[in-house]
Amino acid sequence: MEFTFSRIMEQVKPSEIRELLKYASQPGMISLGGGMPNPGSFAVEEIREIADYVLENYGALALQYGNTGGYDELRKQLAIFLGEMEDIKTDARNIIVTTGSQQALYSVGKILVNQGDFVITESPTYIGAISAFRACGIRMEGIPMDEQGMKTDMLQASLEKHRSQGIMPRFIYVIPNFQNPSGYTMSLERRKHIIDLSEEFDVPIVEDNPYGHVRFSGTHLPNIKTLARDNRVIYLGTFSKIMSPGLRIGFVSADESVVGKINLLKQGLELSGSTLTEFIAAEYLKRGIMKRKIPEVARMYGKKRNLMLKALEDYFPDWATWSKPEGGMFVWATLNEKINTSKMIARAIENKVTYISGASFYPEEPRYDSMRLNFTFPSDEDIPIAIQRLAAVVEKEAKAIEVSR
Ligand SMILES: Cc1ncc(COP(=O)(O)O)c(C=O)c1O
């Protein structure tokens with residue numbers, strides 16, 4: 001038979017990242033495409049030892065169905081972790097464990113937004129958030145960014161316009177630290193401004209912070225959740241970038257009413273998350289391995305970021321520009337508007353290098369002149385080679401359409 005799918009699924013398109021994974025495994029290919037941690041950052045031995053310990057001591061519980069909200073000890077440890085590392089005063093009651101923060105994104109969309117309503121995001125924004133929100137039937141309005149993060153003066157103008165029309169966004173979604181895909185970090189001033197706007201217009205904030213711990217230069221800025229004067233910030237965290245994405249441990253720290261609704265949704269989605277990995281993550285935190293590993297991971301990625309920035313200086317044309325992230329996983333390189341990076345990707349693949357074209361990250365009308373370059377997954381040796389290969393593709397493309405400074 002031929003299936004008739006829901007109208008929502010007409011809006012959900014396969015992502016370029018999934019498509020590119022096919023090429024990433026070709027011999028000799030260097031991928032700057034995915035957002036994967038370096039396998040060298042995984043604490044394989046410690047996790048193996050913890051897995052043995054958990055199975056020996058808690059086997060009957062860890063292999064059983066668990067709480068929908070997450071293993072109690074993990075939620076307790078998460079509250080301590082958020083207090084110590086992020087200065088977020090929270091409690092196990094205000095935390096729900098999710099299957100990666102991806103599930104948290106889908107969940108906030110589902111519990112807060114009616115189909116057809118809209119939310120505000122940065123533009124560009126995380127491709128997975130676009131997919132999650134589309135799958136919830138949510139429309140998005142993107143607010144442009146610069147090196148200081150979302151332009152909050154434009155956010156203010158947009159909120160004023162919407163208020164005069166009587167239709168407000170259901171939340172404002174931001175990734176303040178080392179944003180995916182731009183690598184930009186929102187300034188302290190704008191963090192405070194967004195809180196003021198959220199209060200003035202009565203719109204909650206969803207703060208997604210997968211990269212905040214991976215800072216390798218500059219000074220730590222307080223999270224929006226830390227700065228907020230009340231319960232208006234729904235904070236999403238994950239262990240994917242600092243421990244392992246394979247364990248699928250994410251979490252939400254928010255008002256108890258929000259946590260309660262996500263819990264109800266989760267009962268329909270998956271009954272409970274993976275009890276075994278929740279036990280492992282709790283023990284990892286309890287033993288202090290997370291705190292020890294984070295600076296190591298940041299050091300490893302800082303070196304890789306430096307290698308990429310140096311290679312871009314050495315090989316890229318002087319009319320190109322790129323972000324200089326102080327943390328996270330990505331550099332955002334902008335070429336000339338005559339160059340379409342979505343089309344150029346075929347040439348890059350021929351030259352044995354991949355990236356994600358900028359167009360994938362726009363919640364509304366795409367721009368085609370940028371690309372996201374990941375520096376955490378490739379080896380130190382491969383980074384300059386990949387950038388040299390990509391620069392050759394860019395130069396050739398520019399010559400063909402006569403781009404100059
Ligand atoms: C901004 C952002 N949010 C959420 C996620 C989802 O991460 P996970 O589901 O692995 O926790 C990612 C992954 O790349 C991300 O970049």
Side-chain angles (χ1 to χ4, degrees), residues 15-18 20-21 31-39 41-42 70 74 78 81 95-109 119 121-136 140 142 145 149-150 171-186 205-215 223-225 234-253 262 266 269-270 273-274 277-278 281 290 297 301 323 325 327-332 356 358 360-363 372-377:
S15 93
E16 191 178 294
I17 298 183
R18 304 265 150 233
L20 279 175
L21 283 177
S31 172
L32 308 178
M36 289 193 285
N38 196 281
S41 70
F42 302 148
L74 175 58
L78 282 168
F81 177 75
I95 292 176
I96 180 161
V97 179
T98 53
T99 301
S101 50
Q102 190 62 37
Q103 187 184 57
L105 283 167
Y106 180 78
S107 302
V108 290
V119 300
T121 72
E122 292 152 325
S123 181
T125 189
Y126 169 50
I127 194 170
I130 297 176
S131 303
F133 297 157
R134 285 212 176 117
C136 293
M140 281 158 272
M145 305 180 76
M150 180 189 270
F171 59 75
I172 304 162
Y173 169 67
V174 282
I175 310 159
N177 296 309
F178 328 123
Q179 199 242 16
N180 181 2
S182 68
Y184 298 147
T185 292
M186 185 183 272
I205 299 171
V206 174
E207 178 179 33
D208 189 8
N209 189 29
Y211 304 103
H213 302 282
V214 190
R215 177 180 274 284
N223 291 312
I224 299 175
K225 173 105 182 144
I234 300 170
Y235 177 94
L236 316 187
T238 177
F239 286 180
S240 287
K241 317 296 174 176
I242 48 175
M243 182 184 177
S244 146
L247 294 177
R248 307 307 298 131
I249 298 288
F251 54 94
V252 178
S253 164
I262 297 179
K266 238 187 129 192
L269 282 175
E270 58 173 13
S274 159
T277 62
E278 289 179 13
M290 187 71 92
V297 176
Y301 292 171
S323 59
M329 294 190 159
F330 309 107
V331 168
W332 179 249
I356 307 289
S360 315
F361 300 97
Y362 287 90
R372 190 192 75 176
L373 309 175
N374 166 264
F375 53 81
T376 59
F377 186 70

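Read the numbers this way: they start at 1 and go in the same order the structure lists the ligands and their atoms. Remember, it's a predicted structure, so these values are computed and weren't measured experimentally.
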Check: Quick one: does R248 get a heavy atom under 4.0 Å from ligand 1?
Finding: yes
Next item on the list: Run the contact test for P210 against ligand 1 with a 4.0 Å cut-off on heavy atoms, strictly below, and give the result.
Entry: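 Flag set, P210 near ligand 1.
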For [atom], closest protein heavy-atom neighbour:
| atom | value |
| --- | --- |
| atom 13 (C) of ligand 1 | K241 NZ, 3.2 Å |
| atom 4 (C) of ligand 1 | S101 OG, 3.3 Å |
| atom 10 (O) of ligand 1 | S240 OG, 2.6 Å |

Next item on the list: Count the heavy atoms belonging to other residues, nucleotides or ligands that lie under 6.0 Å from OH of Y362, then report whether that count exceeds 12.
Entry: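 More than 12 heavy atoms, drawn from other residues, nucleotides or ligands, come within 6.0 Å of this atom.
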Item checked: F239 contact mode with ligand 1 (heavy-atom cut-off under 4.0 Å) ->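 Neither; nothing of F239 gets under 4.0 Å from ligand 1.
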Note to self: Below 4.0 Å, non-hydrogen atoms only: which portion of Q103 touches ligand 1? Side chain, backbone, both or neither.
What the structure shows: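 Q103 to ligand 1: no contact under 4.0 Å from either part.
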Notebook entry, point to check: Quick one: which ligand 1 atoms are inside 4.0 Å of a heavy atom on T238?
Noted result: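 Listed by number with element: 8 (P), 11 (O).
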Item checked: For Y211, atoms of ligand 1 separated by under 4.0 Å from a heavy atom ->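 Taking each heavy atom of Y211 in turn, ligand 1 has 14 (O), 15 (C), 16 (O) under 4.0 Å.
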Item checked: Residue selection (non-hydrogen contact nearest atom 2 (C) of ligand 1) among I175, N180, D208 ->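 Looking at heavy atoms only, the winner is D208.
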Check: Per the side chain to side chain contact (heavy atoms under 4.5 Å, CB included) rule, which among N209, I175, L105 passes with L236?
Finding: L105
Distance-only, no hydrogens or angles: does the [X] side chain make a donor-acceptor pair with backbone N or O of [Y] under 3.5 Å?
| X | Y | result |
| --- | --- | --- |
| N38 | T376 | yes |
| S244 | G246 | yes |
| D208 | V174 | no |

Check: How long is the gap from CD1 on I130 to OG1 on T125, to the nearest 0.5 Å?
Finding: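 Nearest 0.5 Å value for the CD1-OG1 distance: 6.0 Å.
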Notebook entry, point to check: What is the ring orientation for H213 with F81, classed by angle as parallel under 30°, tilted 30 to 60°, or perpendicular over 60°?
Noted result: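 Tilted: the ring planes of H213 and F81 meet at 30° to 60°.
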